[in-house]
Amino acid sequence: MLSNIKKEGVNEMSVIWSETIRPGGKWSGVIGRGKLLRLTAMENNANVAMQFFHARDLTEKYNMPDTLKAQHTAHLTRGNILMSDNGRAMASIVQDDPGWHDPLGGYTTRESTDAKYGKSLYQEERNSWLRSGQENLAMELTRNGLGMRDFSPVVNWFSKVVCDPEGNMRFASGNSIAGQAVTLRTEMDLLVLLSNTPHPLDPRTDYPSVPLKLEVLPSLEVDSQDYCVNYRPENLRAFQNTWTYYALQG
Amino acid sequence: MQAFYRVESPRLAEAAVYDEIIPAGQGWMHELKPGQVLRIVDLEGNQAADTLFYDADHPEDHYSAIRTISTQQNIYLTTGSSLLAESGKELVRIVADTCGRHDTLGGSCSSQSNTVRYAHEKGHMHNCRDTFMLELSKHPEGHLYGKRDLAPNINFFMNVPVTPEGGLTFEDGVSGPGCYVEVQSSCRSMVLISNCPQLNNPCNAYNPTPVRVLIWNG
């Protein structure tokens, strides 16, 4: 697991910040460019829904269709980058244990959570009540000055959805195991929102209970040999758009 | 073999209350009253009509491609598909479709995505995202919407298969001259269409052509 990280020049002693997100938990924060964000699943079958915005211009955000069609993929793995609606590389996937992360499935809602796992109320269960992705993200969007209109496709890290030739979507169970990690490198200053809630297509009816470790580490400068930059010619052009943006900032 | 589900409409063009042509490269922003039916006709075949729906009474609640496909557990749209807003509210429902399959993963082209997908030199070419923004600037209710509201859209008549291995491809050939799709509005909805001007991929068979829009009262 650590071999890829070492290739990316990470010093394990240099963790800037770390936090463990409980099952059902949420987080949002700004992570400056040129850092690594490592997500580690503490149990099997994790799922973390994540949204990305440009921290300096919140109208610019991760664009699912632009990201997928430019890289001719319907899933995300090492080498792929997350592109914004302004054609810029926002983040790169520099290390990936599970090998498949889902950009299509979306997030759970209060209604879908109650329907699948049984009605859950804070009044009765206090802080062990079952949270939903939509409510978690709504709170973090609002906290950051955003709102309903800023809901957009999430990346579901650690999850896999397969489509058959008729277009039917099937959740592939067992995509990730305890201890596996995925590491993103921020290519822009990002506002990151996450919800540690189940994948909406996960057929299990017991609410998954997987803590998630978040770590931010320094990254080496991106060079011309970088795997993600060279993964596809489209990626290089998206990086060039990002570099132009920062060159103009001075 | 891939199944295509084709359902014809009983509605006659003569009975429509609205009937217009949208040339390629132009847009259209129009309100639908509850129960009204909108037909989009691919007049010459293989034309992509990039389309968004909103709850006109709550413009912040946009069409959600992901909510829609995740709820029906199928990535393609056709007759019977309930097109949902981010809140989960049904905005419109597809009630007829002689094409049989429509994409909602490919999104719309933009100057910026053209620079990424093709070449930096393609940034000058006309694109759907510009058309969407021009329509928002012109419509009397357009000030209620902005770039933040340009969620991933529907590409009526476009074919973007996902392979079982997780690949995404743009392919030719599921629509033909005269194919149409009809949606019935479940609320007061706002429709935003860009008749796609893309010349760099087969989504319009490299030849953008007009579409026709007709509306019937419910």
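So that the names make sense, note that chain A is the first sequence line, chain B the second, and so on, each numbered from 1. The shown structure was predicted, so the numbers you read here are calculated from the model rather than taken from an experiment.
- At a 4.5 Å heavy-atom cutoff, the contact between A:L201 and chain B is made by side-chain atoms alone.
- A:R110 has a carboxylate O that lies under 4.0 Å from a charged side-chain N of A:E135, or vice versa, which qualifies the two as a salt bridge.
- Using a 4.0 Å cut-off between charged side-chain N and carboxylate O, B:R39 and B:E182 make a salt bridge.
- At a cut-off of 3.5 Å, with distance as the only test, no side-chain donor of A:T108 or A:S112 sits close to an acceptor on the other residue.
- Residue A:P200 touches chain B through its side chain alone, counting heavy-atom pairs closer than 4.5 Å.
- Both the backbone and the side chain of B:H120 come within contact range of chain A, with heavy atoms under 4.5 Å apart.
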- Show your reasoning for whether ring-ring contact (aromatic ring centres under 6.0 Å, His included) applies to A:H54 and A:Y62. CA-CA 8 Å; A:H54 179 194; A:Y62 160 65; over 10 Å; no

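- Using a 4.5 Å cut-off between heavy atoms, A:K61 touches chain B through its side chain atoms alone.
- Neither the backbone nor the side chain of A:L236 comes within less than 4.5 Å of any heavy atom in chain B.
- A salt bridge does not link A:D206 to A:R204: none of the charged nitrogens lies less than 4.0 Å from a carboxylate oxygen.
- B:Q72 and B:S82 share no side-chain donor-acceptor pair at under 3.5 Å.
- Contacts of residues 79-90 of chain A with chain B at a heavy-atom distance below 4.5 Å involve A:M83, A:D85, A:N86, A:G87, listed in sequence order.
- With respect to chain B, the highest number of heavy-atom pairs below 4.5 Å among A:L104, A:L68, A:N235 belongs to A:L104.
- Within a 6.0 Å sphere centred on NZ of A:K116, other residues, nucleotides and ligands contribute more than 12 heavy atoms.
- In terms of heavy-atom pairs under 4.5 Å with chain A, the best-connected choice from B:T71, B:N114, B:L105, B:T163 is B:L105.
- Using cut-offs of 30° and 60° on the angle between ring planes, the pair A:F151 and A:Y107 is tilted.
- B:R148 and A:D150 are joined by a salt bridge, as a carboxylate oxygen and a charged side-chain nitrogen come within less than 4.0 angstrom of each other.
- With a threshold of 4.5 angstrom between heavy atoms, A:T109 approaches chain B through side-chain atoms but not through N, CA, C or O.
- At a 4.5 Å heavy-atom cutoff, the contact between B:Y118 and chain A is made by backbone atoms alone.
- When each of A:P233, A:P103, A:P153 is scored by its heavy-atom pairs under 4.5 Å with chain B, the top score falls to A:P153.
- Residues A:E187 and A:S92 have side chains that bring a donor and an acceptor to within less than 3.5 angstrom of each other.
- Of the listed residues (B:V116, B:I75, B:I66, B:N153), the greatest number of heavy-atom pairs within a distance under 4.5 Å of chain A belongs to B:V116.
- For A:M64, the part sitting under 4.5 Å from any heavy atom of chain B is the side chain, from C-beta outward, and nothing else.
- Of all the listed residues (A:C163, A:A70, A:A238), the one sharing the greatest number of non-hydrogen pairs under 4.5 Å with chain B is A:C163.
- Below 30°, between 30° and 60°, or above 60°: for A:W243 and A:F239 the angle between ring planes is between 30° and 60°, a tilted geometry.
- Chosen from B:S108, B:A65, B:S64, B:C109, the residue pairing most often with chain A at heavy-atom distances under 4.5 Å is B:S108.
- Contacts with chain A were tallied for B:N201, B:V160, B:D149; B:D149 has the most, counting heavy-atom pairs under 4.5 Å.
- Taking the six-membered ring where tryptophan is involved, the planes of A:F52 and A:W157 are perpendicular, since the angle between them exceeds 60° and thus also 30°.
- Salt bridge absent: A:D164 and A:R170 never bring a charged side-chain N and a carboxylate O closer than 4.0 Å.
- Contact of A:Q134 with chain B is made through the side chain alone, with heavy-atom distances under 4.5 Å.
- Between chain B and the options A:N63, A:D66, A:L58, the largest number of non-hydrogen pairs under 4.5 Å is found for A:D66.
- No other option in B:G146, B:G106, B:A151 has as many heavy-atom pairs under 4.5 Å with chain A as B:G106.
- For A:N168, the parts lying under 4.5 angstrom from a heavy atom of chain B are both the backbone and the side chain.
- B:T115 and B:Q112 share no side-chain donor-acceptor pair at under 3.5 Å.
- A:D102 pairs with exactly one of A:K160, A:H75, A:H199 by the side chain to side chain donor-acceptor pair (under 3.5 Å) rule, that one being A:H199.
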